[in-house]
A.B. asks: 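Before I ask anything, here is the structure I am working with.
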Amino acid sequence: MSNININETVLKYDNFINNVLKEDLKRVEVRLQEINTEISDLVQQRHTLKVITDKNLHPNGFKTQVNLGCNFFMEAAVTNTEVLLLNIGLNHYVEFTVEEAMKYLDLRIKAYEKKGEELRDKAAKTKAHIKLMLFGISELQNKTIESS
């Protein structure tokens, strides 16, 4: 193979690595960060749910402040924590018992963890592909040096 062909091939591989593989890796890592943030939020919701429904901590319910809009707050007393409304997405609320809400949150956490694992696998494959391409470039460049 001539040096010109090898140099063109190396340039093509280098462009593929930088313009395709590394961009794919960035997108996967951004999505993985979003998934991890969502998991963190769901775990926080589970913890909050446990705290506000714990009869040992709040035998007669609890007091809170509710935002009415435009940062106007009203004090509210919650005496019954057996049933609650949970935002399931797109500002749609569903009435759950505490047990149902815990199951729902656990299922959402597991689903996001599964998606996160798939994204981690995809990132690992992309990184391996990048390393393989770099190894191939190194081999081509070694052939160029040997043939000189």
Side-chain angles (χ1 to χ4, degrees), residues 1-54 57-58 62-76 78 81-148:
M1 209 177 202
S2 71
N3 288 344
I4 296 171
N5 289 342
I6 291 175
N7 289 336
E8 288 175 8
T9 305
V10 167
L11 186 60
K12 252 194 270 185
Y13 286 165
D14 192 43
N15 286 335
F16 180 74
I17 289 170
N18 290 324
N19 297 333
V20 177
L21 294 177
K22 287 187 178 180
E23 291 301 318
D24 286 348
L25 188 59
K26 285 179 188 175
R27 281 192 293 273
V28 168
E29 288 175 348
V30 165
R31 183 68 181 125
L32 186 58
Q33 190 174 10
E34 291 170 356
I35 295 287
N36 288 335
T37 301
E38 190 65 33
I39 291 171
S40 176
D41 290 344
L42 290 169
V43 169
Q44 180 69 32
Q45 286 179 19
R46 275 186 69 234
H47 177 71
T48 301
L49 184 61
K50 283 182 184 179
V51 169
I52 65 172
T53 59
D54 188 1
L57 291 175
H58 309 289
F62 62 94
K63 291 184 180 180
T64 186
Q65 290 186 347
V66 178
N67 188 351
L68 298 176
C70 297
N71 290 327
F72 286 103
F73 291 89
M74 179 177 168
E75 194 168 296
V78 180
T81 57
E82 297 299 316
V83 179
L84 49 102
L85 293 174
L86 192 63
N87 185 348
I88 59 168
L90 299 173
N91 286 329
H92 287 81
Y93 292 83
V94 175
E95 188 174 292
F96 285 109
T97 64
V98 175
E99 294 81 24
E100 291 170 341
M102 287 293 193
K103 286 180 186 177
Y104 172 76
L105 291 173
D106 287 340
L107 287 172
R108 292 273 312 263
I109 290 169
K110 286 179 186 175
Y112 278 112
E113 286 174 345
K114 182 178 178 185
K115 183 64 176 172
E117 189 61 37
E118 290 171 4
L119 288 171
R120 279 188 285 281
D121 289 345
K122 186 175 181 179
K125 287 178 183 177
T126 303
K127 287 177 184 177
H129 198 180
I130 290 171
K131 286 183 182 181
L132 183 64
M133 296 286 289
L134 290 173
F135 179 74
I137 288 172
S138 170
E139 289 295 313
L140 282 173
Q141 288 173 336
N142 286 342
K143 284 185 180 184
T144 304
I145 293 171
E146 290 173 3
S147 65
S148 297

A.B. asks: Please find the pair of heavy atoms, one from T97 and one from E100, that lie closest to each other, and give the distance.
C.D. replies: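 What the structure gives for the nearest pair is N-OE1, 3.0 Å.
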A.B. asks: Set out, in order, the CA-CA distance, both residues' side-chain angles and the distance that settles side-chain contact (heavy atoms from CB on, under 4.5 Å) for V98 and T81, then state yes or no.
C.D. replies: CA-CA 8 Å; V98 175; T81 57; 5.6 Å; no
A.B. asks: Under 4.0 Å between a side-chain nitrogen and a carboxylate oxygen: does that hold for K26 and E23?
C.D. replies: yes
A.B. asks: Write down the atom of N71, the atom of F73, and the distance for their closest heavy-atom approach.
C.D. replies: O-CD1, 3.5 Å
A.B. asks: Hey, what do you get for CE (M133) to NZ (K12), rounding to the nearest 0.5 Å?
C.D. replies: 10.5 Å
A.B. asks: Cut-off 3.5 Å, no hydrogens considered: what does the side-chain donor-acceptor table look like for residues 39-50, sequence neighbours left out?
C.D. replies:
residue : atom : partner : partner atom : Å
R46     : NE   : D106    : OD1          : 2.8
T48     : OG1  : Q44     : O            : 2.9

A.B. asks: Compile the donor-acceptor pairs under 3.5 Å between side chains in residues 83-95 and protein atoms, sequence neighbours left out, one pair per line.
C.D. replies:
residue : atom : partner : partner atom : Å
N87     : OD1  : G89     : N            : 2.9
N87     : ND2  : N91     : OD1          : 3.4
H92     : ND1  : G89     : O            : 3.4
H92     : ND1  : L90     : O            : 2.9

A.B. asks: Could you pull out the closest heavy-atom pair between V66 and A76, with the gap in Å?
C.D. replies: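 Scanning both residues, the minimum pair turns out to be CG2-CB, 3.9 Å.
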A.B. asks: What side-chain donor-acceptor pairs closer than 3.5 Å can you find for residues 123-130, not counting sequence neighbours?
C.D. replies:
residue : atom : partner : partner atom : Å
T126    : OG1  : K122    : O            : 2.9

A.B. asks: Could you measure the distance from the CG atom of L32 to the CD atom of E117? Nearest 0.5 Å is fine.
C.D. replies: 9.5 Å
A.B. asks: Determine the sole option in L21, D14, V20 for which the side-chain contact (heavy atoms from CB on, under 4.5 Å) test with N18 is passed.
C.D. replies: D14
A.B. asks: Counting neighbours of OH on Y13 that are heavy atoms of other residues, nucleotides or ligands and sit closer than 6.0 Å, is the number greater than 12?
C.D. replies: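 No.
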A.B. asks: Closer than 3.5 angstrom, by distance alone: can the side chain of S138 be matched with the main-chain N or O of L134 as a donor-acceptor pair?
C.D. replies: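 Judged by distance alone, no pair lies under 3.5 Å.
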A.B. asks: Supply the atom-to-atom distance E82 CD to E99 CD, rounded to the nearest 0.5 angstrom.
C.D. replies: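 Going from CD on E82 over to CD on E99, the span is 7.5 Å.
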A.B. asks: Any heavy-atom pair between the side chains of I17 and I137 that's under 4.5 Å?
C.D. replies: yes
